[in-house]
Each structure stands twice: as structure tokens, then as C-alpha cells.
Amino acid sequence: MIQNNDFDVPKIVIVGHVDHGKSSFIGRLLYDIGEIQKEKFGELKKASKKRGEEFEFAFLLDALQDERDQGITIDTTRIFFKTKKRKYVFIDAPGHKEFIRNMITGAASADIAILIVDVKDGIKQQTKKHSYLLKLLGIEKVITLYNKMDKISYSESKFLNIKAELDEFLSNIGIESYTSLPISSKKGDNIVSLSKNMRWYHGQSFVEILDGYKIQENNKSEFIRFPVQDIYKLGDKRVIVGRIESGKIKSGTKLIFLPSNESVYVKTLEVWPKAKKEYEVGDCIGITLSDEIFVDKGNMGSDLERPPKLTNRFESRVFWLSKSKILFNKKYLMKINTGEYEVSINKIKKIIDVESLTEKTKINVQKNDICEVVIHSSELIPMDDYSFNKSTSRFCLLDEKEIVAGGIVDIRNYPDQREYKDNFKQNIVPENYAVSEIDRSIRFNHRPGIVWLTGLSGAGKSTIAKNVEKRLFHKNINIFSLDGDNLRIGLNKNLNFSPEDRTENIRRTAEVANLFTKAGFIVLVSLISPYRSERKKARDIRPEIFREIYIEASVEVCSKRDVKGLYAKAIKGEIKNFTGISSPYEPPEMPNLVINTSRCSVEESVRKLEEYILKEFSF
């Protein structure tokens, strides 16, 4: 049986500059709400006086590290406490050496985020980095505490000035300040009760704000996410164990498990004490399934309506924690939800300056840099985009068991590689052709083939294909050209340029090309087809006659040509999802032929492809 306890306890993460009073604030809070024994407080004050130093409330955290009889649980990463209304837990204790590393793993996702700033010292680079880190972790709302108000004589104007500066920065990175509270950890102002020193402040105390914070508003989702933590064998039962990250699960709920893509019903709920018939976000449960399907640790259970994407390539904004440089040929261990995968970083798109929020000019990523990268896995990973589900899109990268980076998943520009099951096909029986492919090949004196030209818009695919088609036609080759733009006018006119529609565009084109080969044609396909995974699917239809031709030209070269004026519009933001600008292009890794049109003339490019086709497909 799986026992539920403390999963409804809101988790709090507190960030800020190292000297801005995180530990002092927590120590003061614990003391003021009665979580610290007065005897212990008195002992520490006496010890401080004896050493000739001023007492700091931060000392309470250090003293409590060895205490286990205070009615409060503390270790290096968690501090449990309770107000009159409910229980809470601070995750990643301030001052801990591995603070950023612990927080970035996302092992315990924060329900409430607090950003603390010293009003006298002002906003520091670490303040901005920690704020940006919250954004990387998918947190978009923070409680901002302006500490040490006693050091500026409780000045309202100075408070408002620094508040305006911080609010502007947070707004620029997409974080909302839930509330702004002036406090003094040293004096206890506005922490448990309102301060008489700041009568100009008309808001609530910190504890009142905390108790009024509605956690579930951040966690509501009708879509189920159930990462599998383990498999237990209890007698003849096989119990699937995990924590519900979103949605609700009850007996009879239909789930699909990825990456196996198998769907099944929940047969029983194995929870102790069994208090509910339905479990939701934060509940740790065990379930048995109606059918014996293969489910393993790291798999993801979800609803059938909106399951995660399965992909082996994605973009990410990461916080780099290592002194070592990013190596493109290196394998890193990626931990996401309950799964572990071997991945490599294929590309650094940009490095972000946290101070100015602009792109840095340097090439190499250094420790504590924030950068945008493209990550590749050798196997398919079930993932959500961070904009859709923040709790399941956080990950960390490890190198030799050391965390080197953490970030969030961005798969908006990449297609779902999940294979859909077409049950309706069971009643379809294909007809055999009256004229065989061999008979057609003998008549035309060449084999059929699919010659797939891929490359950026403006690289020269259509120009080369048209000229090659004309020259080979005059040599009595049965040839036809399928151009991407022409297909979008007719067959594919209902498709836009989202990753899913691009995938369908490639699939339809590949199937049409296959039909032409049955009629004995050599088919020239001119299609950007940006994803390697989808070009592989096209190849897999007829691998023996499929040839991938990379029409190579850089974005810079293509944007200078810009025959259709599309690059100018894309750069201005008038065209969304434009390949090479706002949407990715993945060059072939092992193309059958490369034609670099920035080095070769049109005539030379046409000649190269013509000679290649004659050599490959002629008898």
C-alpha cells in the first residue's frame, strides 16, 4: 500500500542575494510563530554575547541542524513549519552550498516562491540570476520581500523606488510580483504582525499573505500526468507507483503509457489509508491495471486526449552550473520526472546576459550562464512543453553523477513522434496492381525512385528540381517533380506551419511520391522538410529507392537571396514558424548527395544531380 502524508503541504522556495537575509528571515519567522523553544533562543543570545558578536536570527538555523526534538524537521534541504492555518515546508535551505543545484533539479517543485532583497544594498546580479532561475523552473509568480527596512529608517519613498526597479525587471522576464512586502527580519516588522514603524503600509503581514495564498490555482489541470516512480510486486498484484503531477485518477480511468504507447484502464487504487475514491495533484498512489502491459520506471502515464509528446530532440533554456565547457560530442545523463536518458547538446543558440536580458557576444558557455541549446537523445522521451505543464517539463543534466545544468523543455518547434494506432485499417484490403513495377521499369529502361531534396527556403531546391526534370524528360526518363508550394495550394492546403502540420505535410508528400513510383516514375521532391525524424519516416516507406539530397546554403546566404521576400517578413516577425529564423532546421547527417549552392552555380548544381540520378536509377 502507498501511504499519503504531507503531500498537501505547500512547498516554499526562497531566493535572493547571499547577504540579503534569507536565513535571518526564516529564523525570525520560525521564532515568531513559536516553532523555536525560548530556552534555545536564550542560549544562543547568551553565546553570541559571550563571543562579543551581535545575535543574528540566522544562528537559529545553524543551531537547529543538530536538533531533532523541537517538533520541527530540518535537514540540508527541508524545513517544516506550521502557522495557525496550515503546514508548510521550505525547500533548499538558504545558505546551503548546493542551493542552486538542489533547487534546479526540480525534485520537489515549489508551490510558492519568495524573492528577498536588501533595500539598503539594492538589487544585485545574484538577485537577477535567482529571479531568472525561477523563470527557468517555470515559476511565474513570486512574493517579493524587501528586507532590512530598519536600515533605511522605514522610508516609504526608498522602498517604492527599489520596488519599481525590481518590478520592471521581473516584468521583462515574465514574472509577476504576487505581492510586495517591506519587512525587517531583525526587528520582526510585518512578518507575523503588522509593524507600527510602517503605518504607511496598508497590506497584510507575511504570515497572512502565506496563509491566503491559493496553491491549487497554480496546479489545476484536467490533463493527467503520472510519472512512474517504481513497480511493486505484492502477491499476484503488479502495482504501478507514482505521484500525480496533474489531473485526477480513479478506478476506471483510462490511461496511455509512454513511450510504449499502450492504453489501459486503472483497475484498482492501492493507497493507505484509502480515504478517497479519486486522487489528484500531489497524491502519491499505487495502481493496478486492467491488462498486463509493459510499464517501467521513468514511463509516463497520461490521459488520451492530450498526452505528452514523444520526441528525441528539443530546445531548452538552461542554467549551466559547471566550470567545464559544453562539449558537443559528450554524453550527459538527463533526469526528467522519474526517467533517465543519455543525451547530447547539439547546438548553442544563444547565451543570455541576465543584467541586460540581451544576447552575449561570447561563444563559450561559462559557469552560471543562462543559454538556449538544442538537445538530442538516442531514444524517444515523453515530454511536455513548459508553457503547457511546468511540473513535468523541468530537468537536470549530469556528468559523472555531478549536476552540470538544469532547465526547462521547449518543444513548440518540434513534432510529436508518437506512432498513432489506426484501428480502422483492419477492414481495409489493398488491391494488387494490374501492371507490375518491374514491367514499368523494363519499359522505361530505369528503376523508379524518390529523390528527396531538403534544405532551407531559398537554398535552390525548386530551381534545381525544375531544371533536372526538364533535362531528364528530354532523355526519355519517366520523371515528375513534387514541389512543396504547389502541394500546399492543393493537396496540403489545409495545413499550416506548426510542427504537427509540417509532419503531416511530409507524410502526405511521401505517400504521393510512393504512388508515383508504383507507376514507374522517378519523383523529385522539393520540400524543406526540416525534421530528421520525419525525413526518416519518408525514407522508411521505400528505403531501397529513397535518396536524400541536401541542398546546402546557410541562413545568411538564403536571406540575402530572399527571392520571395519571406526572410525579410520573418525577421520582422510577420511570419511565424519560419524555418531557419523562428523554427529549427536539422541538416541531414548522412545524405546521399550534398550540393552546396553557395559554391556551385545553378548549371553545376543541376549537372551534379542529373548525373547522380542517371547513375543510381538507370539499367
Side-chain angles (χ1 to χ4, degrees), residues 2-16 21-41 43-44 56-116 134 137 139 142-143 145 178 183 185 188 191-192 205-216 218-219 229 243-245 271-273 275 280-285 391:
I2 306 305
Q3 185 172 358
N4 263 302
N5 53 6
D6 291 319
F7 288 107
D8 58 344
V9 176
K11 295 173 290 296
I12 305 171
V13 64
I14 180 167
V15 301
K22 296 188 292 290
S23 297
S24 294
F25 166 72
I26 293 178
R28 181 78 202 210
L29 172 67
L30 295 177
Y31 176 73
D32 284 356
I33 62 176
E35 293 278 49
I36 306 294
Q37 291 180 354
K38 289 186 178 180
E39 292 80 2
K40 175 58 67 177
F41 177 73
E43 287 174 15
L44 287 171
E56 295 280 350
F57 277 92
F59 297 161
L60 291 172
L61 293 190
D62 297 330
L64 285 168
Q65 288 299 323
D66 297 324
E67 298 291 331
R68 291 294 180 267
D69 58 352
Q70 299 288 321
I72 158 179
T73 305
I74 293 187
D75 58 27
T76 55
T77 59
R78 296 183 301 165
I79 302 175
F80 284 89
F81 68 98
K82 62 181 180 293
T83 63
K84 291 179 181 179
K85 185 174 180 180
R86 60 185 177 188
K87 295 179 180 179
Y88 299 91
V89 57
F90 278 111
I91 57 174
D92 305 299
H96 184 242
K97 286 188 292 186
E98 299 300 313
F99 169 67
I100 291 180
R101 293 180 188 274
N102 285 339
M103 192 172 89
I104 210 163
T105 61
S109 57
D111 298 306
I112 302 171
I114 297 171
L115 174 63
I116 193 165
L134 291 177
L137 294 173
I139 294 170
V142 297
I143 296 171
L145 300 181
Y178 175 77
I183 66 166
S185 297
I191 293 177
V192 172
S205 68
F206 173 77
V207 170
E208 289 172 324
I209 291 167
L210 200 61
D211 285 344
Y213 196 100
K214 295 181 180 178
I215 308 300
Q216 291 303 316
N218 297 333
N219 290 333
Q229 293 177 351
R243 179 182 188 269
I244 302 174
E245 296 296 337
V271 182
W272 184 85
E280 56 187 3
V281 176
D283 287 332
C284 277
I285 63 172
S391 64

- Item | Spacing of I26 atom CD1 and I114 atom CD1 [to the nearest 0.5 Å] | 8.0 Å
- Message: On a heavy-atom basis, which atom in G21 and which in S185 lie closest, and how many Å separate them?
- Response: O-OG, 4.3 Å
- Message: For I12 and L210: C-alpha separation, side-chain torsions, deciding distance, then whether side chain to side chain contact (heavy atoms under 4.5 Å, CB included) applies.
- Response: CA-CA 10 Å; I12 305 171; L210 200 61; 3.8 Å; yes
- Message: So which atom in C284 and which in R243 form the shortest heavy-atom distance, rounded to 0.1 Å?
- Response: SG-CB, 3.7 Å
- Message: With a 3.5 Å distance limit and no angle check, can you tell me whether K22 reaches the backbone of I14 through a side-chain donor-acceptor pair?
- Response: no
- Message: Would you call the rings of Y178 and Y213 parallel, tilted or perpendicular, taking 30° and 60° as the class edges?
- Response: tilted
- Item | side chain to side chain contact (heavy atoms under 4.5 Å, CB included) against V207, all qualifying residues, sequence neighbours excluded | L29, I33, T83, V192, S205, D211
- Distance from I285 atom CD1 to Q229 atom CD, nearest 0.5 Å? 10.5 Å
- Message: Measuring from atom CD1 of I112 to atom CD1 of I143, what distance do you get when rounded to the nearest 0.5 angstrom?
- Response: 5.5 Å
- Which of parallel (below 30°), tilted (30 to 60°) and perpendicular (above 60°) describes F25 and F206? perpendicular
- Atom CD1 of I191 and atom CD of E208: how far apart are they, to the nearest 0.5 Å? 13.0 Å
